[in-house]
Amino acid sequence: MTPQLTSKRQIFRGGGVIIASQVITMGLMFFAQRTILSVLTKEENGFLFGERRIIDLFLIILVDVGINIIAMRRSILRPDEGPIVLSSAVALRLALWIPSGVLAVGYGVISGFRLVDLVLLCVLQLMSAKTTLLRFLLEIPYRNKLKFEVPALLSILETAFYLVLVLFPPQQLTVSTVIAYSIVAAVPSFFTLLLIDRGRYFHWKHIRIPEMKSLARESIPVAIMITLIALHDKMDAIMLNWWSTKKELGGFGAAYVSLAPLTTTIPIAVTQVVIPLVTRAFAVSMKQCAQYVLGALRVLVFVSVLASVVLTNFTPEVIELVSKGQYLEYVRLFQLFLWMSVPIFILVYSQEVIIALNQSKLSFIIGAVLAATTIIFGWALIPAYQSWGAGVAKMLSVSSGAVVSLVLIDKALGRYADRKVYWAMAIPVAAAILWSTQMGTFFHRYVVGISGVVVIAAVSVLSGLARKSEIAMVLGILKKRNR
């Protein structure tokens, strides 16, 4: 069996586990979020969303700092030093978390939020499967080997436990209990990973101060990029809190929190599978590396366009599913967030790919574009149009960032780039927008959504976005695996 075929089997096996777990997790979170949004008032949901945005902003800027991908790359390229790399990364992150948490809590209290909630959210950021601090580092040994079964199972169990806590009894839910339940659900899976490791990769004896300093130095360009992206992701909510009401913040938060898993689950799953392969191929064969990068990019765009065409025509049903109809007045805002899946899929994937290709400095450009456009469009639109203005500002920002990220991937791949891929992506996206906006005047939205799958799939095959040869390859591998 050729090495290439082995890698393909690894991709589909690992990708299948991750995507299946992400879908299950997303489904469980939908039910949990549905209960939370239907029990909390719009003002309470706005309060919860505001607290989360503040903690996320400070800890992502000051603690995340791009350590994950750098630690993953080092542990792949220097397997004998994996315990030193990973233990030192954990130590560095904890050293950054303590002062950063104090700053975040202090700002939150000054802004009128509750001290206990803010402290609990800081702790949650370390342990939860939905965040990228310590939990991600604990999962790197599995991710490097494309063995995702343990992290996937623990993530599902954590989310299921959280759902059980939220449902019994839901009438007692408050902002504080929602946060507390998240921590209670995260603790078992977090410590399970530590117990399974038994000090092999994570132990104080593996910590090296020079390695911590080296990680910190290498993370500086990535940290700048992450800071800018965090400003992009959180500033719209903070500006909405400045210039609007908690009710409008609650409507924006409902759309963001309930649909964010939908727009990030698949690209994160694909990225987790592809990045280790890209890292290995980058050191051996740039041609093979480019095939992984562009092949995964085509798949992501194809899936995101299909999802947008269908779900935007079923938006009232989506709102009913996630909030028991409490936010139907924000149907246009929910539709806008569903269309964001296309540029967000590209952005989430591109940021990690550029770092894996050892082009961290280019990622600064993406972050700068996202931060600048968010602030400019938010300042121009939010005071006048409230939550709708914040949604439009985010759409304009992520679309600008997606275009820039494609240009940078092309630059990073150099002579191995295939610019036909970008045209192949543009045609189905344009067709999807035209189909959804124009056909609705002639047919019921259910018909437009369902028929849109066939139309966009056909356009994608004709444009070269979905290649028939690759579809046949996937089916062939699946048949071999079933024998």
Side-chain angles (χ1 to χ4, degrees), residues 29-58 104-122 124-125 130 162-163 165-167 169-183 233-261 315-316 318-337 374 378-379 381-394:
M29 279 303 300
F30 262 126
F31 287 108
Q33 193 62 34
R34 182 174 192 253
T35 303
I36 293 168
L37 291 178
S38 65
V39 173
L40 298 184
T41 66
K42 294 182 176 67
E43 289 75 14
E44 287 176 326
N45 185 56
F47 200 87
L48 174 61
F49 186 64
E51 289 181 330
R52 283 173 169 167
R53 294 296 88 185
I54 288 173
I55 297 302
D56 288 350
L57 179 64
F58 275 86
V105 171
Y107 177 82
V109 170
I110 292 171
S111 300
F113 295 104
R114 284 189 286 266
L115 173 64
V116 174
D117 293 351
L118 296 166
V119 172
L120 290 176
L121 284 169
C122 285
L124 177 64
Q125 280 284 344
K130 296 184 286 295
Y162 177 65
L163 175 60
L165 292 172
V166 167
L167 289 177
Q171 292 77 14
Q172 296 184 6
L173 285 177
T174 64
V175 172
S176 296
T177 56
V178 168
I179 299 170
Y181 288 164
S182 298
I183 294 178
D233 189 44
K234 319 303 178 189
M235 276 305 297
D236 44 18
I238 292 175
M239 287 190 288
L240 193 58
N241 187 49
W242 291 343
W243 295 324
S244 186
T245 64
K246 287 293 189 293
K247 180 177 180 292
E248 286 292 295
L249 182 60
F252 182 81
Y256 181 95
V257 173
S258 58
L259 299 182
T315 305
V318 172
I319 296 175
E320 175 64 32
L321 176 65
V322 301
S323 72
K324 297 184 180 179
Q326 292 295 316
Y327 290 84
L328 281 171
E329 63 187 283
Y330 295 98
V331 64
R332 286 200 309 158
L333 185 60
F334 273 74
Q335 286 178 326
L336 195 61
F337 268 89
T374 295
W379 177 79
L381 297 172
I382 291 175
Y385 300 101
Q386 307 290 289
S387 58
W388 174 249
V392 172
K394 184 173 284 290

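Because the structure is a prediction, the values reported are computed rather than measured.
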*Does Lys234 have any salt bridge (Lys or Arg N to Asp or Glu O under 4.0 Å) partners at least two apart in sequence or in another chain, and if so, which?*
Asp56
_For Arg332, give me all partners under salt bridge (Lys or Arg N to Asp or Glu O under 4.0 Å), at least two apart in sequence or on another chain._
none
Got a second to check how far [X]'s [atom1] is from [Y]'s [atom2], nearest 0.5 Å?
X	Y	atom1	atom2	result
Asn241	Ser111	CG	OG	7.5 Å
Thr245	Glu43	OG1	CD	7.5 Å
Leu333	Tyr385	CG	OH	15.0 Å
Ile36	Gln326	CD1	CD	13.5 Å
Leu48	Arg53	CG	CZ	10.0 Å
Trp379	Met235	CH2	CE	14.0 Å

Are [X] and [Y] packed together at the side-chain level, in the sense that at least one heavy-atom pair is separated by less than 4.5 angstrom?
X	Y	value
Leu249	Ser244	no
Phe31	Val166	no
Glu51	Ile179	yes
Phe113	Tyr107	no
Val105	Cys122	yes
Thr315	Gln335	yes

Work out which heavy atom in [X] is nearest to a heavy atom in [Y]; give both atom names and the distance.
X	Y	result
Val392	Leu336	N-CD2, 3.4 Å
Leu118	Val109	CD1-N, 3.5 Å
Gly250	Tyr327	O-CE2, 3.7 Å
Ala32	Leu163	N-CD1, 3.5 Å
Asn45	Gly253	ND2-C, 4.2 Å
Ala104	Ile55	CB-CD1, 3.8 Å

*Derivation of the side chain to side chain donor-acceptor pair (under 3.5 Å) call for Arg52 and Tyr256*: CA-CA 12 Å; Arg52 283 173 169 167; Tyr256 181 95; over 6 Å; no
*Can any side-chain N or O of Arg114 pair as donor or acceptor with the backbone N or O of Gly108 at less than 3.5 Å?*
no
*asked:* Using only atom types and a distance under 3.5 Å, with no angle test, would you say the side chain of Ser38 pairs donor to acceptor with the backbone of Thr35?
replied: yes
_Inter- and intrachain pairs under salt bridge (Lys or Arg N to Asp or Glu O under 4.0 Å), touching residues 237-251, at least two apart_ = Lys247-Glu329
*Going by the ring-ring contact (aromatic ring centres under 6.0 Å, His included) test, name the single residue among Phe337, Trp388, Phe334 that passes it with Phe252.*
Phe337
_Partner set under side chain to side chain donor-acceptor pair (under 3.5 Å) for Thr174, not counting sequence neighbours_ = Thr177
*asked:* Run the side chain to side chain donor-acceptor pair (under 3.5 Å) test against Ser182 and tell me which residues pass, sequence neighbours left out.
replied: none
_Listed partners of Ala393 passing side chain to side chain contact (heavy atoms under 4.5 Å, CB included), at least two apart_ = Phe377, Leu381
